[in-house]
Amino acid sequence: MKFNVSSSKLFSQLQAVSRVIANKNALPILDDVLFDLVGNELRLTASDGETTIRTAVEVDGVEGSGKVASAAKLLLETLKEFSEQPLAFTIDENNFAVNMVSQNGTYSFVGVNGNEYPEMPGAEAEAKTLTLPAGILQSAIEKTIFCTADDDLRPVMNGIFFDIAEDKVTMVATDAHRLVRYTNSGVAAGVAASFILPKKPASLLKNLLAKEDEDVKVTFGAKNARFEFGNTIVVCRQIEGRFPNYNAVIPQGNQNIVTVDRQTMINACKRVAVFANNGTAQLRLALSENQIKISAQDIDFSTSAEEVITCSYNGTPMAIGFKAPFLIDLLSSIASADVQLKLADPARAGLILPAENEENEDVLMLLMPMLLND
């Protein structure tokens, strides 16, 4: 089996698929990337047993066809040192010895029979399909994934919930302290269904879709979700279980509305948070007419800080506490120049929203408050 391939194209595709490979695999062959030569297309597949990614690169000088699994780490560390040049591969189909020839050298290693590599899961019976623009799916994942949990007791919260209606798509993530709900009404899914996408494949998709401008075909059944775009396929096992009723926890009566410059708020929070207690990371927001006093203190080390920033606020004067990293993360994930904080009282969840949503988008974030000691 022989083929020639561009070193930079091969390296790029290997990088894309190898991100799924786990540090420790139950099957040694999952440390490898599967090379599957079909005509003038070299298909590259990598998996961790739960998620599988397959992509392809064009090759020429093809002789024969077949499969071989090769060590991903060895290939990546070798290829990243090459400048753009053609590479000639020769693979012995009897002992799976691989010979790679560059402009200046020869590299030899032994692969594994590709037929031993686990098969990519096929389409399920009664699977449902929808099509999403790559940019919308990538944006939705980016705006929700940081709120997913790492909770062994509640695995349903360790992923992004896709709540699909015929006329819109909603994606939700929560870790019980904060919640993000992203809705896009510009997508006519044509089906009503739901599934939970685990965090790892969601993160992989976020990176892969950043370079795509095509539509993504999403197919999901009872067990697996499949994403197809360009020459790439991502298949992952869904998280089983019932996602919490997210609409029930979103407050409807938060009448105290603050409008503030997002970047000014982030910068002030970051500076003041340096002086917060390491254990609680609590920020105190004291709201009065058209201003917010942001303060923090650490009694153990006798440190404190406060800043006053201007805003638009005519509600009830109040003080409310939030965990600094959570508040900063939520503010940082919003794209609009101004943000709105909708509050009821210091003991109830606050809502954070962009002052202006992008077309067809509705982004809502919820953050639980912290009890103030004063």
Side-chain angles (χ1 to χ4, degrees), residues 16-22 24-27 29-34 36 43-55 69 114-132 134 137-138 140-141 144-145 147-166 169-175 182 187 189-209 215-246:
V17 300
S18 64
R19 290 190 179 100
V20 75
I21 297 174
K24 293 182 180 179
N25 287 299
L27 299 175
I29 199 170
L30 293 180
D31 291 332
D32 299 343
V33 171
L34 177 66
D36 184 6
R43 296 174 181 172
L44 307 173
T45 304
S47 177
D48 64 359
E50 299 279 333
T51 303
T52 303
I53 301 179
R54 189 177 79 194
T55 187
N115 291 321
E116 297 177 9
Y117 202 88
E119 289 283 340
M120 174 177 277
E124 296 179 57
E126 299 182 6
K128 296 182 179 180
T129 301
L130 71 146
T131 301
L132 294 170
L137 182 56
Q138 197 270 346
I141 293 173
T144 53
I145 191 170
C147 274
T148 53
D150 290 300
D151 192 336
D152 293 336
L153 298 177
R154 292 178 292 182
V156 293
M157 297 171 70
N158 298 342
I160 300 172
F161 180 57
F162 280 61
D163 190 4
I164 302 161
E166 292 193 0
V169 174
T170 300
M171 302 178 201
V172 184
T174 182
D175 61 4
Y182 170 95
V187 178
V191 296
S194 63
F195 67 92
I196 305 173
L197 177 67
K199 181 186 297 189
K200 181 176 179 179
S203 179
L204 293 167
L205 281 166
K206 183 185 76 168
N207 294 324
L208 290 168
L209 292 170
D215 285 349
V216 181
K217 180 183 177 183
V218 185
T219 307
F220 52 96
K223 292 184 178 180
N224 298 316
R226 183 184 184 96
F227 301 81
E228 299 178 56
F229 49 94
N231 58 7
T232 302
I233 299 174
V234 179
V235 180
C236 67
R237 190 172 299 170
Q238 301 170 23
I239 297 176
E240 296 181 7
R242 184 183 294 274
F243 197 80
N245 182 358
Y246 61 90

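FYI, side chains are in, hydrogens and waters are out, and symmetry mates aren't considered; it's all heavy atoms of this structure. Everything quoted here is computed from the prediction, not taken from an experiment.
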Yes or no on side-chain hydrogen bond (donor to acceptor under 3.5 Å, both in side chains) for T55 and N231, after CA distance, side-chain angles and deciding distance?
CA-CA 5 Å; T55 187; N231 58 7; 3.2 Å; yes
Measure the spacing between CD1 of I53 and CG of L205 and express it to the nearest 0.5 Å.
7.5 Å
Let me confirm one number: the CD1-CZ distance from I239 to R154, rounded to the nearest 0.5 Å.
13.0 Å
Worked check of side chain to side chain contact (heavy atoms under 4.5 Å, CB included) between F229 and L208:
CA-CA 10 Å; F229 49 94; L208 290 168; 4.0 Å; yes
With distance as the sole test, does E166 use its side chain to make a donor-acceptor pair with the main-chain N or O of V191 at under 3.5 Å?
no
Please report the C-alpha distance between T129 and K217 in whole Å, then the side-chain angles of each, then the deciding distance to 0.1 Å, and finally whether the side chain to side chain contact (heavy atoms under 4.5 Å, CB included) criterion is met.
CA-CA 7 Å; T129 301; K217 180 183 177 183; 3.8 Å; yes
If you look at every heavy atom in D31 and A22, which pair is closest and at what distance?
OD1-O, 4.4 Å
Would you say that M171 contacts V169 through its side chain, given a criterion of any heavy-atom pair below 4.5 Å between the two side chains?
yes
Strictly distance-based, threshold 3.5 Å: is any side-chain N or O of S203 a donor or acceptor partner for the main-chain N or O of K199?
no
Is there a donor-acceptor pair under 3.5 Å between the side chain of E240 and the backbone N or O of P155?
no
Heavy atoms, side chains only, cut-off 4.5 Å: are I29 and P118 in contact?
yes
In this structure, are over 12 heavy atoms from other groups packed under 6.0 Å from N245 atom CG?
yes
Between the CG atom in L30 and the CD1 atom in I21, the distance rounded to the nearest 0.5 Å is 8.5 Å
Considering all heavy atoms of both residues, which atom of V33 and which atom of A46 are nearest to each other, and what is their separation?
CG2-CB, 4.4 Å
In the structure I gave you, are the side-chain heavy atoms of V172 and P244 within less than 4.5 Å of one another anywhere?
no
Could you check whether any side-chain N or O of D163 sits under 3.5 Å from a backbone N or O of S194, counting only pairs where one atom can act as donor and the other as acceptor?
no
Is any side-chain heavy atom of P198 less than 4.5 Å from a side-chain heavy atom of C236?
yes
Evaluate the side-chain proximity of I164 to F195: yes if any heavy-atom separation is below 4.5 Å, no if none is.
yes
Decide yes or no for V234 and L204: does some side-chain heavy atom of the first lie under 4.5 Å from some side-chain heavy atom of the second?
no
Between N25 and L27 (side chain of the first, backbone of the second, donor and acceptor by atom type, cut-off under 3.5 Å), is there such a pair?
no
Output yes when a side-chain donor or acceptor of K128 lies under 3.5 Å from a complementary backbone atom of A192, and no otherwise.
yes
OG1 on T148 to CD1 on I160, rounded to 0.5 Å
6.5 Å
Does a side-chain N-to-carboxylate-O contact under 4.0 Å join K200 and D48?
yes
Only one of V235, D36, T45 clears side chain to side chain contact (heavy atoms under 4.5 Å, CB included) with R54; which?
T45
Is there a side-chain contact between L137 and F162 in this structure, where contact means two heavy atoms from C-beta onward sitting under 4.5 Å apart?
yes
Looking at OG1 of T170 and OH of Y182, how far apart are the two atoms once the value is rounded to the nearest 0.5 Å?
10.0 Å
Check: T174 and F243 side chains under 4.5 Å, non-hydrogen atoms
yes
Just by distance, do the side chain of R226 and the backbone of P121 share a donor-acceptor pair under 3.5 Å?
yes
Here the pair of heavy atoms bringing L132 nearest to V187 is CD2-CG1, 3.3 Å
Give me the atom names and distance for the closest heavy-atom approach of N224 to R237.
OD1-CA, 3.5 Å
State the OH-CG distance between Y117 and L34, to the nearest 0.5 angstrom.
6.5 Å
